[in-house]
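Structure first, then comments.
Chain A is the first sequence line, chain B the second, and so forth, proteins listed ahead of strands; every chain is numbered from 1.
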There are 2 protein chains.
Amino acid sequence: MVLPRAAKTQRRTRIQEEKEERILEAALEVFSLHGYRGATVDQIAEVAGMSKPNLLYYFRTKEAMHRALITRVLDTWLDPLREFDAAGNPVAEIRSYIRRKLEMARDFPRESRLFANEVLQGAPNIEDELKGPLKALVDEKAAVILAWAKAGKIAKCDPYHLIFSIWSTTQHYADFDVQVRAVLGQDQADDGRFEDAARFLEQLFIGGLQVRDQAS
Amino acid sequence: MVLPRAAKTQRRTRIQEEKEERILEAALEVFSLHGYRGATVDQIAEVAGMSKPNLLYYFRTKEAMHRALITRVLDTWLDPLREFDAAGNPVAEIRSYIRRKLEMARDFPRESRLFANEVLQGAPNIEDELKGPLKALVDEKAAVILAWAKAGKIAKCDPYHLIFSIWSTTQHYADFDVQVRAVLGQDQADDGRFEDAARFLEQLFIGGLQVRDQAS
DNA sequence: CGATAATTTGACCGGTTGGTAAACATTACA
DNA sequence: TGTAATGTTTACCAACCGGTCAAATTATCG
């Protein structure tokens, strides 16, 4: 047999697992930096420290690599939202969701940029994922937020746009990192940037969602 | 003479101006959709309705086209921030800044995505612009916001991260349009989406920046 | 060890890409 | 109208890119 990619569900050799890991790591590096079309297989092979045909032995096409990567990233990317707990304290839940998303932007900027690149260019490969699992998850959590609002625990607001705004503000620090650094000046320590952001976003969202008397 | 690109500052013929305009329009379309490396000169030429060599007669390289486009977009992109008025009512100024940025995301999504693509991939061609004019403008407006906060007109907050959060939340509707549509479902009218966003963002920022008693 | 399967490599291929050369057409203008 | 500058097109090229192939090398295991 020549093709390891076949229906063999059993992950055969340890070497296979190692190589595929190295490839996906390299692919993440290159794809997140140059986008799908901007990345070349030779580049990925070089970063992975192997020859191009060797790489193509494990992933038969460039697209297969990209698919594997996107699927994996998209899955872990939604973990913070999944942890969003309907039974918890609303303000505490929102606060910790913001914090977790911001930590992901800090610790996994490449994953964030990979995803941003994909969506920015029309998400040709993950449209189904977005309209299916992602939408379902957001719908579920939006309902929770709406219930909190109706119970008077937070201000009444559009839960979808609330989620969008948390996504955008936090991922901004990964996706637009260059711009953020340019504006702030790079004299600032890495952590400082994220600590300030966390403090500000907490203030913004907690303040903005605070219940206030609706009487005019 | 063969090369129109030379030091002739005089915009010679009307035909030159028209063609360059058509080319930049086409380039914006293609670059914003596929990124720099994903775009091909043939594609741009086709959208512009001319042959590739003809296009290359006006812009000698793909990179020259991209540079011209980025410079122009970056300039108009900052107009809303320039209008930010220190003498105005703080809350009204912030509200109208958000509205203008959101209108730009709605009316000029290609410009937003072109810029996002560039920054996302490390902004290799505009780093100087970011660290120079952009930073200077943001510094200036951040000082204004800080003064408002110190005067007790809005809550004390980090002005830089406030600006970042307005950028990110508004541009999100252009850059991540596909995702927004997927989550909301495309049954919704285009305007509705932006009206809801405007309402939410106004609530978020005005509420979040409202002065409240600092006593614990 | 011997044999079979898994892995790795260098050489190569057809298609695409950014860009050029030069002939041809059109416009501006004396 | 003549002519020189400007604009346009056809044909083309070298480099690059994703991917293949067959041969060589290495791991696995009875």
Side-chain angles (χ1 to χ4, degrees), chain A residues 1-24 26-27 29-31 33-70 121 124-125, chain B residues 1-24 26-27 29-31 33-70 121 124-125:
Chain A
M1 181 164 310
V2 173
L3 300 174
R5 314 282 81 247
K8 305 275 186 174
T9 44
Q10 176 89 9
R11 177 64 63 246
R12 201 84 53 88
T13 64
R14 192 182 62 264
I15 185 170
Q16 228 173 76
E17 208 157 340
E18 285 175 7
K19 287 291 170 76
E20 290 185 4
E21 203 49 44
R22 262 172 58 194
I23 292 171
L24 287 182
E29 182 72 25
V30 178
F31 278 134
L33 205 54
H34 301 108
Y36 179 73
R37 299 221 21 204
T40 73
V41 178
D42 296 79
Q43 248 178 321
I44 298 171
E46 196 192 330
V47 172
M50 60 180 77
S51 67
K52 179 168 65 170
N54 195 188
L55 182 153
L56 287 169
Y57 173 72
Y58 292 99
F59 291 88
R60 285 201 286 201
T61 66
K62 181 185 177 181
E63 204 206 325
M65 268 167 33
H66 192 245
R67 245 200 321 270
L69 209 49
I70 284 276
Q121 304 193 359
N125 300 319
Chain B
M1 184 165 304
V2 176
L3 300 175
R5 315 281 82 246
K8 306 272 183 174
T9 44
Q10 176 91 7
R11 176 65 64 248
R12 202 83 53 88
T13 64
R14 194 181 63 261
I15 187 171
Q16 228 173 78
E17 208 159 337
E18 284 174 8
K19 287 291 171 75
E20 288 184 4
E21 202 49 46
R22 262 172 58 193
I23 291 172
L24 287 182
E29 182 72 25
V30 177
F31 278 134
L33 205 56
H34 301 109
Y36 178 73
R37 298 221 25 200
T40 73
V41 178
D42 297 78
Q43 248 178 321
I44 299 171
E46 195 192 331
V47 173
M50 59 180 80
S51 67
K52 180 168 65 170
N54 195 187
L55 183 153
L56 288 168
Y57 173 72
Y58 292 99
F59 291 89
R60 286 202 287 203
T61 65
K62 181 185 177 182
E63 203 207 326
M65 268 166 31
H66 192 245
R67 246 202 318 271
L69 208 50
I70 284 277
Q121 304 192 0
N125 300 317

Between A:Gln16 and C:dT7, is there a contact of a side-chain N or O with OP1 or OP2 at under 4.0 Å? yes
With B:Glu46, which residues qualify under side-chain hydrogen bond (donor to acceptor under 3.5 Å, both in side chains), at least two apart? none
For atom CD of B:Gln43 and atom P of C:dG19, their distance in whole Å: 15 Å
Pairing residues for A:Val41 by the side chain to side chain contact (heavy atoms under 4.5 Å, CB included) criterion, not counting sequence neighbours: A:Lys52, A:Leu55, A:Leu56, A:Lys62
For D:dT6 and B:Lys19 - does any side-chain N or O of the residue sit under 4.0 Å from the phosphate oxygens OP1/OP2? no
d(CZ, B:Arg67; P, C:dG18) in whole Å: 16 Å
OP1, OP2 of C:dT8 versus side-chain N and O of A:Tyr58: anything below 4.0 Å? yes
Below the 4.0 Å mark, does D:dT8 have OP1 or OP2 next to a side-chain nitrogen or oxygen of B:Ser51? no
Any residue meeting side-chain hydrogen bond (donor to acceptor under 3.5 Å, both in side chains) with B:Arg67, in chain and number order, not counting sequence neighbours: B:Glu63
What is the distance from NZ of A:Lys62 to P of D:dC16, rounded to the nearest Å? 16 Å
Would a 4.5 Å heavy-atom cut-off, applied to side chains only, mark A:Met65 and A:Leu69 as touching? no
Show each protein N/O and nucleotides 11-15 of chain D N/O combination with a separation under 3.5 Å, one pair to a line.
none

Under 3.5 Å, N/O pairs linking protein and nucleotides 23-26 of chain D:
none

To the nearest 0.5 Å, what is the distance between OG1 (A:Thr40) and NE2 (A:His34)? 8.5 Å
Tell me, please, which residues at least two apart from B:Glu29 pass side chain to side chain contact (heavy atoms under 4.5 Å, CB included). B:Arg110
Under the side chain to side chain contact (heavy atoms under 4.5 Å, CB included) rule, collect the residues that match up with A:His66, sequence neighbours excluded. A:Phe31, A:Tyr36, A:Ile70, A:Leu114, A:Glu118, A:Asn125
Is any side-chain N or O of A:Asn54 closer than 4.0 Å to OP1 or OP2 of C:dT7? no
What integer distance in Å separates B:Arg37:CZ from C:dG18:C1'? 12 Å
Rounded to the nearest angstrom, tell me the gap between atom CG in A:Asp42 and atom P in D:dT20. 14 Å
Phosphate OP1/OP2 of D:dT8 contacted by B:Tyr57 side-chain N/O (<4.0 Å): no
Roughly how many Å is it from CD in B:Glu17 to C1' in D:dT6, rounded to a whole number? 16 Å
Closest-nucleotide 5' rank along DNA chain D - winner of B:Met50 and A:Glu63: B:Met50
Rounded to the nearest 0.5 Å, what's the gap from CZ on B:Phe59 to NZ on B:Lys19? Could you check? 12.5 Å
To the nearest Å, give me how far apart CZ (A:Arg60) and P (C:dT8) are. 17 Å
Under 4.0 Å, heavy atoms only, any strand: does B:Ala39 hit a base, just the sugar-phosphate, or nothing? sugar-phosphate
Please report the distance, rounded to the nearest Å, between CD in B:Glu46 and C1' in C:dT16. 15 Å
Any side-chain to backbone donor/acceptor pair from B:Arg37 onto A:Arg37? Under 3.5 Å, distance only. no
Heavy-atom distance under 4.5 Å between the side chains of A:Met50 and A:Ile23, does that happen here? yes
